[in-house]
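Notes follow once the structure below has been shown.
None of these values were measured; they are calculated from a predicted model. Position 1 is the first residue of the sequence, and the numbers go up from there. Below, all heavy atoms of this structure are taken into account, side chains as well, without hydrogens, waters or symmetry copies.
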Amino acid sequence: MTLETEIAARRTFGIISHPDAGKTTLTEKLLLFGGAIQVAGAVKAKRDTRPVTSDFMEIERQRGISVATSVMGFYYNQIKINLLDTPGHQDFCEDTFRTLTAVDSALMVIDASKGVESQTLKLIDVCRMRHTPVMTFINKMDRECRDPIELLDEIEAKLSIKVCPMSWPISMGKTFKGVYSFYEKQLILFKPHHKQDASSIVKITHLSDPRLDALLGLDANPLREQIELVSGVYPSFDQEAYLKGEVSPVFFGSALNNFGVRELLDCFIQIAPPPQGRPTHIRTVQPSEPKFTGFVFKIHANIDPKHRNRIAFIRVCSGIFKRNEWLTHVRLGKKFRFSNPTAFMAQDKSIIDDAYPGDIVGVHDTGNFKIGDALTEGELLIFKGIPHFSPEIFRIVINLNPLKTKQLHKGIHQLCEEGVAQLFTRGTDSRLMIGTVGALQFEVIQYRLENEYGASCRFEPLNFVKACWISSDDSLDLDRFIRERSGQIAYDLHQLPVYLAETKWSLEREMRENPDIVFSVTSDTPSD
């Protein structure tokens, strides 16, 4: 097949939601329909229940939450789908935000009983900044939930995005009977705890069809009235507006009961965008360009506990990634080739010979990569828009086992290079400090250090609220500032100086009193 044909046959998207909306459960059912797994797992798995595929880390299975993005590739109706299941918890938002730079569209999951929640607001803002098309799946319709029109109104009001219902629920909660598909003009009947089959789907060309009354009884006329109302209030689907990120198609269903997922997936592969262009500091790279380009959006150490290695996740942006061919690492100015590039199904990997725009490739990393790095066939490109955040919670690392000092230092350095947290060395005594955007990250670090590196530690809080990288055209002025504020100076992984502010007011004062010092909330990374 040609490059253009391969591009047209790919969809790369991320699933986003507030915690507990059912995002990872929906991921399992999408994998099930794609034939990637044979049995779908449960997020809060009992001992005799199969755990979910995407939550492959032990701490994820214990806590019932996703703490790292999982990459999963599978085929559905001859379309290659690259699915990225992101963490929903706000403490791991950095991983989610970076992942959204590697996708072409997003699927937003909303709990039908809770509606739009705080983390959903933040995630949709990131999608809006990048003009990322968003589809919506309103989940858990088989439970007691809010009125569908009320939910749609809330999405439009809180998320500032127009909605277009693609299906409509027939009742809800205990009396939930199924949905009517506007997109396919058919009735899909709900059977709890049963696999959806052909007998569940009834083609309804006209709502006056007497079969509606036979199938739905007293719910038939209310459904007719609701569909007439919805058709009058909400516009018909406009694919161009969806691709611009202006309209979100909305589906109703129950991921846990495998209901409404097939309709969502069938529609998705038809309307979602294929791989799109990616902006760089000099131009936009188009996927159809013959020469390979790609960027690292994620690094993960010990993805396979049996093999202590690091994997760099590369989004292919243009051309064809080929095994064993030399590529230029733009930041280092060096050439690399990869003998065992891999495709992913969560922690399971398979060696590939080539990959196309939209695909996610894993390459073995011995410490050469950091997030945002570009790989090309020679062109010196820097991809834009990969976010790095200034931490707001700081703790000093206390080693609990001096015999494991080497393992502790290695583990902390590798986890921080993943982007789990940011590592600083205190200027006064060279003690290790960790900064994060959420408190739960410290628990994950502590767990992974013990289980992956055999090192144990505890953390003591520090009285800082913000880290700012400092620089100046006047090196003497910068040296003076560092010397006079030595108790609030630390150095990051790349030995860049950082000012640690104790209060927002003190940071503003320092910025006023030192106009020649540049205070930045982002480090000097390849994406800046």
Side-chain angles (χ1 to χ4, degrees), residues 55-69 87 89-95 298-311 347 365-367 370-371 388-467 486-498 500-502 523:
D55 285 350
F56 59 86
M57 294 167 63
E58 184 61 30
I59 189 170
E60 294 179 307
R61 292 169 175 172
Q62 289 181 5
R63 295 291 298 264
I65 60 170
S66 301
V67 304
T69 295
H89 200 287
Q90 63 180 2
D91 284 8
F92 307 102
C93 61
E94 280 195 72
D95 196 29
K298 173 183 171 64
I299 296 172
H300 198 112
N302 310 320
I303 195 167
D304 182 351
K306 297 176 183 177
H307 301 92
R308 299 301 187 191
N309 56 5
R310 283 167 34 122
I311 299 292
Q347 86 274 33
D365 176 30
T366 57
K370 67 177 184 176
I371 291 167
H388 299 258
F389 298 86
S390 172
E392 298 176 358
I393 304 173
F394 302 85
R395 293 178 185 173
I396 200 89
V397 180
I398 308 296
N399 186 0
L400 296 181
N401 186 353
L403 297 176
K404 296 286 187 177
T405 300
K406 183 178 179 181
Q407 291 89 330
L408 177 69
H409 282 240
K410 179 183 178 182
I412 288 176
H413 276 79
Q414 289 195 348
L415 293 180
C416 288
E417 285 172 349
E418 281 185 23
V420 172
Q422 295 191 45
L423 179 63
F424 304 99
T425 304
R426 194 156 64 179
T428 53
D429 57 10
S430 298
R431 298 281 297 275
L432 294 181
M433 303 163 47
I434 290 179
T436 71
V437 296
L440 192 54
Q441 285 166 290
F442 289 103
E443 185 178 333
V444 172
I445 293 168
Q446 203 168 26
Y447 180 90
R448 290 188 62 187
L449 283 172
E450 186 170 344
N451 287 271
E452 295 176 19
Y453 297 90
S456 55
C457 70
R458 62 183 174 86
F459 301 106
E460 287 188 355
L462 293 165
N463 189 31
F464 301 120
V465 299
K466 200 74 173 175
S486 60
Q488 293 173 260
I489 299 296
Y491 295 87
D492 70 5
L493 271 171
H494 310 287
Q495 295 304 304
L496 298 174
V498 177
L500 302 172
E502 294 179 340
S523 61

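Every side-chain hydrogen bond (donor to acceptor under 3.5 Å, both in side chains) that Gln488 has, sequence neighbours left out, goes to Tyr499. With sequence neighbours left out, Glu460 forms a salt bridge (charged side-chain N to carboxylate O under 4.0 Å, His left out) with Arg458. Thr428 meets the side-chain hydrogen bond (donor to acceptor under 3.5 Å, both in side chains) test with no other residue; sequence neighbours excluded. For Arg395, the salt bridge (charged side-chain N to carboxylate O under 4.0 Å, His left out) test picks out no residue, with sequence neighbours left out. Every residue two or more places apart in sequence or in another chain that forms a salt bridge (charged side-chain N to carboxylate O under 4.0 Å, His left out) with Lys466 is listed here: Glu392. Under the side-chain hydrogen bond (donor to acceptor under 3.5 Å, both in side chains) criterion, Glu502 pairs with no residue at all, not counting sequence neighbours. Evaluation of the side-chain contact (heavy atoms from CB on, under 4.5 Å) rule for Glu450 yields no partner, not counting sequence neighbours. Applying the ring-ring contact (aromatic ring centres under 6.0 Å, His included) criterion to Tyr491, with sequence neighbours excluded, gives no partner residue. In terms of the side-chain hydrogen bond (donor to acceptor under 3.5 Å, both in side chains) criterion, residue partners of Thr405 (sequence neighbours excluded) are, by chain and number, Asn399. Legend: residues meeting side-chain contact (heavy atoms from CB on, under 4.5 Å) with Ala467, ordered by chain and number and at least two apart, are Ser390, Pro391, Phe394, Phe424, Val498, Leu500. Taking Asn463 as the reference, nothing meets the side-chain contact (heavy atoms from CB on, under 4.5 Å) condition, with sequence neighbours excluded.
Pairs of residues two or more places apart, or lying in two chains, that qualify as salt bridge (Lys or Arg N to Asp or Glu O under 4.0 Å) and include a residue from residues 421-430 are Arg426-Asp429.
For the residue pair Gly367 and Asp365, the shortest heavy atom distance occurs at N-OD1, 2.9 Å. Nearest heavy-atom pair across Met433 and Leu462 is CE-CD1, 3.6 Å. The two atoms that bring Ala421 and Thr436 nearest to each other are CB-CG2, 3.6 Å, heavy atoms only. The two atoms that bring Gln407 and Ala455 nearest to each other are C-CB, 4.1 Å, heavy atoms only. Shown here for Ile393 and Ala439, the closest heavy-atom pair between the two residues is CD1-N, 3.6 Å.
Leu408 is not listed as a side-chain neighbour of Leu432, based on a closest heavy-atom distance of 4.5 Å or more. Residues Asp492 and Leu423 fail the side-chain proximity criterion, which asks for heavy atoms closer than 4.5 Å. Ile396 has its side chain out of reach of Phe459: every pair of non-hydrogen atoms, C-beta onward, lies at least 4.5 Å apart.
Rounding to the nearest 0.5 angstrom, the gap separating the CD atom in Gln414 from the CG atom in Leu449 is 10.5 Å. Taken to the nearest 0.5 Å, the CG atom of Leu415 stands 11.0 Å off from the NZ atom of Lys410.
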Passes side-chain contact (heavy atoms from CB on, under 4.5 Å), Ile398 versus Arg431? Steps please.
CA-CA 9 Å; Ile398 308 296; Arg431 298 281 297 275; 3.1 Å; yes

